[in-house]
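For reference, the structure discussed in these notes is given below.
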Number of protein chains: 2
Amino acid sequence: MLQVRLKPPVCPSRPLAADCGACGARAFSVCASLEGEDLARLSALAEPVRFAAGQALTRQGERADYLFNITSGTARVQTLMADGRRQITGFLFAGDFVGLEAAARHAGSVEAIELVTACRFAIGDYRTLVRQSPKLEAVLLERAGHELTEARAQILLLGRKTAEEKLASFLLNLADRDPMRPHAEGQLRLPMSRTEIADYLGLTIETVSRVLGRFKTAGIVQLVSVSELRILRPERLTQLADGES
Amino acid sequence: MLQVRLKPPVCPSRPLAADCGACGARAFSVCASLEGEDLARLSALAEPVRFAAGQALTRQGERADYLFNITSGTARVQTLMADGRRQITGFLFAGDFVGLEAAARHAGSVEAIELVTACRFAIGDYRTLVRQSPKLEAVLLERAGHELTEARAQILLLGRKTAEEKLASFLLNLADRDPMRPHAEGQLRLPMSRTEIADYLGLTIETVSRVLGRFKTAGIVQLVSVSELRILRPERLTQLADGES
DNA sequence: CGCATCGTTGACCAAGATCAAGCCTGGTGG
DNA sequence: CCACCAGGCTTGATCTTGGTCAACGATGCG
């Protein structure tokens, strides 16, 4: 396993440069492709911060003053409607970057689901950094492209897939994306609640629960615990995800 | 009106440098922020091309060899599922850029809805161009951020909005985005068919038709012709779009 | 004029939402 | 140690939104 356990980052109220060299998330992150001077510059401006479950990294409608690079934990990106309806547009794991949309104000908020550690950059520092380091800019552009592709996939999922197809796609994605997944083959953590899964897939908790139940009785997955699950028949899930049955 | 009518671009089979200086779409486009040497370089590598309604600019699954900058017309970005279900992930108008996702292969296809003229760049040329022109790269990154924000808005729409809210949001977006909209206040073209609207909003043609009908009887819009519509009560549409009623 | 394509309208249907109990699990306090 | 409670999860009964199926009207083209 690549994953190196981080020392808990020091007090966030007193800014302190990060030690990017020792960062366990570097392998997954935009910083992976930086080295030498570029990495040093980044390291100097990054401030390690941590957020308990439920705390907000950024809030819908507020000024975008900071950007983040997640180093461990799980967060959700969500938008709320006036009447309280919620859509979760994505989950963030170690290595994910917050702030590519780069608007003056956040269109959605980002909140920790479980303890999150991250590198924080002031937006001004970030802009200088990007200007000085064409390599970084290129990496960010590439990353933005990936996110755009993922967003399109989610649009297809929400617009045209059935509840079963949505859940199947979700589980497969999660298995690919969460770098903290347990070692056991096919096993994966569900750090998010049923409500969060529902708000991500455009469903209700009841439907999520029922479909997972059906997957279980069909022998496609096994619920090790309520938040831990083992995929028994990945090929079956893939079929379901693409609507091939 | 800013819009300058383009001379029909010359034969696409014989590559020919574009005249960016005379381009009517430049105001909306990524090239808007380029000038001098940068613009000259771009101009030299851009090849003007045109696509009749129904023709594909890029095809799902094929190698991504070219990028495009749309100079006039309307195109759709779509993904097909194995069983034929279609999701349109976006409509493209003059000034829009095709290829930010920058994957080796296209995850979806882009097809002209009505006659499209565009500037085409070979992917290799594009990479050189971006490397030589940090300004261009910055603009593209910014554009990618905008598209990401739009994609998130569409995810909210598909995941949590009702049919009426979807249609209302769609009409308001269209009014903002299409630079070719007719002059008359509140009037807008619907270059796309009902089927395309439905596949964009995750609905069926019948539902689109019915909801538009309801908007009409409610006096919110007026259908000038089947593909031309006037918004009579924009404030009502805004309310509907945000679910405030 | 006749056919094809697209859009509209109506009758009926079903996937998933809503409403309403129960059920676990973990934490608290007696 | 166990009774109790709270929050999240599951399960069942019923309802509603939007989908499906079908017929018909408009538009446009050869």
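Just so we're on the same page: letters track the sequence lines, and every chain starts at 1.
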Please determine which of A:L158, A:V77, A:L80, A:L201 meets the side-chain contact (heavy atoms from CB on, under 4.5 Å) test together with A:Q87.
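Checked A:L158, A:V77, A:L80, A:L201 against A:Q87; only one passes side-chain contact (heavy atoms from CB on, under 4.5 Å): A:L158.
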Describe, as an angle rounded to 10 degrees, how the axis at the first end of the helix from C:dC1-D:dG30 to C:dG30-D:dC1 is tilted relative to the axis at the last end, five pairs per end.
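Both end axes considered, the difference amounts to 30°.
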Check the distance between [N]'s [atom2] and [X]'s [atom1] and give it to me in whole angstrom.
X	N	atom1	atom2	value
A:L167	D:dC9	CG	P	13 Å
B:L190	C:dC6	CG	P	16 Å
B:K166	D:dT17	NZ	P	14 Å

Output a table of donor-acceptor pairs, distance under 3.5 Å, between side-chain atoms of residues 235-245 of chain A and any protein atom two or more places apart or on a different chain; print 'none' if there are none.
unit_1, atom_1, unit_2, atom_2, d
A:R236, NH1, A:Q239, OE1, 2.9
A:T238, OG1, A:P234, O, 2.8

What pairs of donor and acceptor atoms, side-chain ones from residues 203-210 of chain A against any protein atom, are under 3.5 angstrom apart with sequence neighbours left out?
unit_1, atom_1, unit_2, atom_2, d
A:T204, OG1, A:T207, N, 3.4
A:T204, OG1, A:T207, OG1, 3.1

What one-letter contact string describes nucleotides 7-18 of chain C from 5' to 3', where B marks a base within less than 4.0 Å of any protein heavy atom, S marks contact via sugar-phosphate atoms alone, and - marks no contact?
SBBBB----SSB
Just list the side-chain donor-acceptor pairs under 3.5 Å for residues 62-69 of chain B, sequence neighbours left out, or say none.
unit_1, atom_1, unit_2, atom_2, d
B:R63, NE, B:D65, OD1, 3.3
B:R63, NH2, B:D65, OD1, 3.1
B:N69, OD1, B:S29, OG, 3.2
B:N69, ND2, B:S29, OG, 3.0

Test applied, side-chain hydrogen bond (donor to acceptor under 3.5 Å, both in side chains); reference residue, B:E228; option that passes from B:Q187, B:Q222, B:R189:
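In the set B:Q187, B:Q222, B:R189, the residue that makes a side-chain hydrogen bond (donor to acceptor under 3.5 Å, both in side chains) with B:E228 is B:Q187.
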What's the spacing between B:E164 CD and B:R214 CZ if we round to 0.5 Å?
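It is 4.5 Å, given to the nearest 0.5 Å.
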Interatomic spacing from CD in A:Q154 to CD in A:E147 - rounded to 0.5 Å:
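Answer for the CD-CD pair, A:Q154 versus A:E147, is 12.5 Å.
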Taking ring-ring contact (aromatic ring centres under 6.0 Å, His included) as the cut-off, I'd like each qualifying pair that reaches into residues 210-245 of chain B, sequence neighbours left out, listed once.
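Applying ring-ring contact (aromatic ring centres under 6.0 Å, His included) to every pair that reaches into residues 210-245 of chain B, excluding sequence neighbours, yields nothing.
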